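The structure appears right after this line, and notes come after that.
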Amino acid sequence: MVQLLLAPLAGLFGGGAAAGTAAAGAGAAGAGAAAAGSGISLASILQGTATVLGVVSAIGAGNAEATQNELAASDAEGEQASESLQGINRRTSIRKQMAQALGSEDVAYAASGVDLSFGTAKAARADAYREADLALNTATGTEQSRVSRLAERAASYRAAAKNARRMGIFNALSGGLDNVLSFKERG
C-alpha cells in the first residue's frame with residue numbers, strides 16, 4: 001500500500017529513492033504488523049501504565065492515612081505526659097491550700113487561747129484533712145481517667161493506621177487485578 005502511494009513520487013526523485021522509501025515503508029509496516037500481532041498497542045501500554053499508577057497511588061494513599069493516624073497517636077501519647085504533669089500540679093496546689101487553711105485556723109485558735117489538741121479545733125483540723133483527702137483522690141481519679149482515655153485513643157489511632165495500610169494494599173491489588181482482567185478481556 002505504501003508502494004502505491006509512493007509510486008508517483010518515484011518519477012520525480014528517481015527510482016532509487018522510491019525503492020528506498022518503499023523498503024522503509026515496508027519495514028515500518030512489518031514492525032507495525034508484528035506489534036499488532038503480539039497484542040501490544042498504544043491503548044495496552046496506556047492501560048498498563050494506568051494500572052501501575054493506580055496501584056502505586058492506592059498504596060501511597062493508604063500509607064498517607066496511616067502516617068496521619070500514627071501522628072495522631074503520638075500526639076495522644078504526648079498528651080498523657082502533659083496530663084500527668086497537670087495532675088501533679090493540681091495535687092500540689094490542693095496540698096498548699098490545705099496547709100494554708102490549717103495554718104490560718106491554727107493561728108486563729110491559738111490567738112483565742114483555745115487548745116488545738118481537742119474540741120472544735122481538732123474537729124476542724126480533721127475536716128480539713130478529710131476535704132483535702134477527697135480533693136486529692138478526685139484529682140488523682142481525674143488524672144487516671146484522662147490518661148487512660150488518651151492511651152485508648154492512641155491505641156485506636158494505631159489500629160486505624162494498621163488498617164489504612166492494609167486497605168491501601170487491598171485497594172491496590174483489587175484495582176490492579178480489575179485492570180489486568182479488563183486487559184485480558186480486551187484481548
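For clarity, every value in this text was computed on a predicted model and none was experimentally measured.
A distance of 11.0 Å separates CD1 of I169 from CE of M167, quoted to the nearest 0.5 Å. In this structure, the separation between OG on S148 and CD on Q80 is 9.0 Å, given to the nearest 0.5 Å. How far NZ of K122 is from OG1 of T120: 12.5 Å, rounded to the nearest 0.5 Å. Atom-to-atom distance recorded for R158:CZ and S156:OG is 11.5 Å, nearest 0.5 angstrom. Here CD of Q86 is found 11.5 Å from OG1 of T142. Values are rounded to the nearest 0.5 Å. How far CD of E77 is from CZ of R153: 12.0 Å, rounded to the nearest 0.5 Å.
Annotation for A172 and I59: closest pair CB-CG1, 3.6 Å, computed over non-hydrogen atoms. Here the closest non-hydrogen pair linking E105 and R125 is OE1-N, 4.1 Å. Here the closest non-hydrogen pair linking R91 and A139 is CG-CB, 4.1 Å. Between A164 and A66, the shortest heavy-atom contact is CB-N, 3.8 Å.
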Run the numbers on D127 and R130 for side chain to side chain contact (heavy atoms under 4.5 Å, CB included), then give the verdict. CA-CA 5 Å; D127 286 343; R130 217 174 291 126; 2.8 Å; yes
Take S84 and R146 through the side chain to side chain contact (heavy atoms under 4.5 Å, CB included) test and state the conclusion after the steps. CA-CA 9 Å; S84 293; R146 288 180 181 169; over 6 Å; no
Step by step, would you call N69 with K162 a side chain to side chain contact (heavy atoms under 4.5 Å, CB included)? CA-CA 9 Å; N69 285 327; K162 205 181 263 190; over 6 Å; no
Which is it for E83 and R149 under the side chain to side chain contact (heavy atoms under 4.5 Å, CB included) test, yes or no, and what are the steps along the way? CA-CA 11 Å; E83 185 58 44; R149 277 187 292 150; over 6 Å; no
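The closest side-chain heavy-atom distance from L102 to Y129 is below 4.5 Å.
In this structure a side-chain-to-backbone donor-acceptor pair under 3.5 Å is present from T67 to N63. With T138 contributing its side chain and L134 its backbone, the two residues share a donor-acceptor pair below 3.5 Å.
For residues 43-71, every residue pair satisfying the salt bridge (charged side-chain N to carboxylate O under 4.0 Å, His left out) rule, not counting sequence neighbours, is listed here: E70-R165. The salt bridge (charged side-chain N to carboxylate O under 4.0 Å, His left out) analysis of residues 166-181, with sequence neighbours excluded, yields no pairs.
Listed by chain and residue number, nothing satisfies the salt bridge (charged side-chain N to carboxylate O under 4.0 Å, His left out) test with D75 (two or more places apart in sequence, or in another chain).
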